[in-house]
Amino acid sequence: MQHHDQTKVERAAQALRWNIVEMVGPNQKGHLGGSLSIADVVAALYFSKMRHDPQNPTWPDRDRFILSKGHVALVQYAALAECGYFSKREFAKLKTLGSMLQGHPDIKRTPGIEANTGSLGQGLSIACGMAAGLKMDGRKSRVYCVVGDGEIAEGQIWEAAMAASHYKLDNVVAILDRNCLQATGPIVKRFNTNPLVEKWQAFGWHVAETDGNNVAAVLGALDDLDEVVGKPKILIAHTVKGAGLPFAENNAAFHNGSMTTEQFEVARQILCAQAAV
Amino acid sequence: MKVQNLREAYGRTLVELGNENPNVVVLEGDLGKSTMSCYFEDAFPKRFFEMGIAEANMTSFAGGLALTGKIPFTNSFAAFAAGRSYDQIRQGICLPNLNVKIVGSSAGLSDYGDGSTHQTVEDIAIMRAIPNLTVLVPADAIETRKMTRAMAAHHGPVYMRVTRTDLPDVSGEDDEFVIGKPYQIRDGKDVVIFAIGAMVAKALDAADLLTAKGLSARVVNVSSLKPVDEAALRELAQGMRGVITAEEHSVIGGLASVITYALRKTGLPVECVGIEDRFGQSAENCEILLKEYGLTSKHIADAALSVAGTSHA
């Protein structure tokens, strides 16, 4: 079993949250809710679980991370900068003309990005193709792919699900950000994508569930998935949209919303105080 | 002229490429016996991916393979390869400029029996408008073989449109094929006919018809629609009384657009032979369809006479 420094990862998760909040800034729209819900999972991957080298982003044997729900690019930018792929000075240029930090992930612009995503439903297919290529080359790399629980309404997700089990791509680990909110409200009310476990099992996947905002639980669940062979795996990460910021938690308005100056200061107090502990 | 099948030429060339380069992999959307990717499947089963009837996933999956250094060729009918997978080609392949080769088979009206759902009047227009994407249309089996090799050698995304129909050879085994170059295949001094795909052979027939009417026609195969050497196109049109485009595709967004744009400052009159903004339909054979849609050598010759200011007599 892989050794994990849980405290380090927990601190990293809070640092990612502050990076996200700082990148967006007060009175500016940004995809805060979905970035914050998956922050603990992203921290667990980049700061402990994945084999990767910020000094050598194209190392062939690295594990890959694909953000199929590309609109929460903020959380990946936060992690990449925190790891040292690029300077945090880039945060101030987010979504400005010529910036390396585009509105959605772009491999041509940003070191450490593995796929262009944004039009939802495509990332899992890209992850599966990548996994197939890595297997052909005999590499041990794993491909982690974060998909949204709203995103899985896209039919292509299920095409990819069938392909992954047909080709027994056990080097694919999908992580479903189960925050229960799509852009316009609760998923069960707006467009119900349930049931989840039964669907993925029926498509031939190994399904695990965890508290996606608990670093120890996430790391344990990811380790357990390493032991599963012969089929693709999905970790349903039960999360809270906007996790870590009380004013944003479970609030669909923060799918792509803006913080007031007061909310921004509250966020600073919560996140910077925790990071300093 | 020898008549050969372009899909057959493509499928055989894929196997040659498979022998030469272990990174060449092939993906298929359950149409391998039509697209002729079946030869590659037989030769290299471990480098062949049957992706089921799921073109969107096939296309993005190919992007993933390209990101690990493979050279994937995706195969389906053009209606699905270009149409169904437009968004996947756009975001997952062309935006990151990945090394994926998309082959749209049974294109144009050539799948005559299946009708409008399986025929493409607009695939070139859609594909040409996507940045970074190279768009190619072979005119015969000989060119198809060279083009398939050029696609594999080129680093970046390519769309190749292949007809279902057997076509007469219009090029020679020793002719070169370089992406971006238009190729003159018959010289003439009064008008120039720019043609693609199945219409190249018809343009040569039209040139014979025009000779009988005292008009000398140059015929040019514009098999590279993007990129294309626009200066070369202008040079080929220089001194002509008129220009004709001929394509088995809508007059919107295909060859007509390429040529009128390239020649926009020349003041030369242009006539466009193509499909007038309508869908295809089923028919007994392809020739009947081509006639219905105004895509015969007679239509090209009439357009040439019109553009050259000569009466139809």
Open item on the list: Go through it in stages, so that I can follow the logic: the residues are A/M162 and B/N57, the test is side-chain contact (heavy atoms from CB on, under 4.5 Å), and I'd like the CA-CA distance, side-chain angles, deciding distance and then a yes or no.
Closed with: CA-CA 10 Å; A/M162 283 185 275; B/N57 179 58; over 6 Å; no

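Counted within 6.0 Å of CG on B/D277, heavy atoms from surrounding residues, nucleotides or ligands total 12 or fewer; the atom is thus considered open. In the displayed structure, B/R84 atom CZ is contacted under 6.0 Å by at most 12 heavy atoms of other residues, nucleotides or ligands. Counting non-hydrogen atoms of neighbouring residues, nucleotides and ligands closer than 6.0 angstrom, the CZ atom of A/R89 reaches no more than 12 such neighbours. Atom OH of B/Y112 has 12 or fewer neighbouring heavy atoms from other residues, nucleotides or ligands inside a 6.0 Å radius. When the shell of 6.0 Å around CZ of A/R190 is examined, it contains 12 or fewer heavy atoms from other residues, nucleotides or ligands.
The two residues B/Q91 and A/S119 have their closest heavy-atom pair at OE1-N, 2.6 Å. A/G133 approaches B/K70 most closely through the heavy-atom pair O-NZ, 4.0 Å. A/Q156 and B/A56 get closest at one heavy-atom pair: NE2-O, 3.3 Å. Counting all heavy atoms, side chain and backbone alike, A/Y167 lies closest to B/F48 at OH-O, 4.3 Å. For the residue pair A/K108 and B/P96, the shortest heavy atom distance occurs at CE-O, 3.0 Å. Residues A/A163 and B/M51 share a closest heavy-atom pair of CB-CE, 4.0 Å.
Per-residue heavy-atom pair counts under 4.5 Å with chain B were compared for A/A115, A/S141, A/A160, and the maximum is reached by A/A160. For chain A, the option among B/T59, B/D87, B/L67 with the highest count of heavy-atom pairs below 4.5 Å is B/D87.
Taking CG of B/L95 as the start and CD1 of A/I107 as the end, the distance is 8.5 Å to the nearest 0.5 Å. Within the model, atoms OG1 of B/T68 and CZ of A/R139 stand 8.5 Å from one another, a figure rounded to the nearest 0.5 Å.
For a residue to count as touching a neighbouring chain, one of its non-hydrogen atoms must lie under 4.5 Å from one of that chain's; by this rule A/L134 touches chain B with backbone and side chain alike. Proximity to chain A is absent for every atom of B/I93, based on heavy atoms less than 4.5 angstrom apart. Residue contact with chain A, scored on non-hydrogen atoms closer than 4.5 Å, is absent for B/R90.
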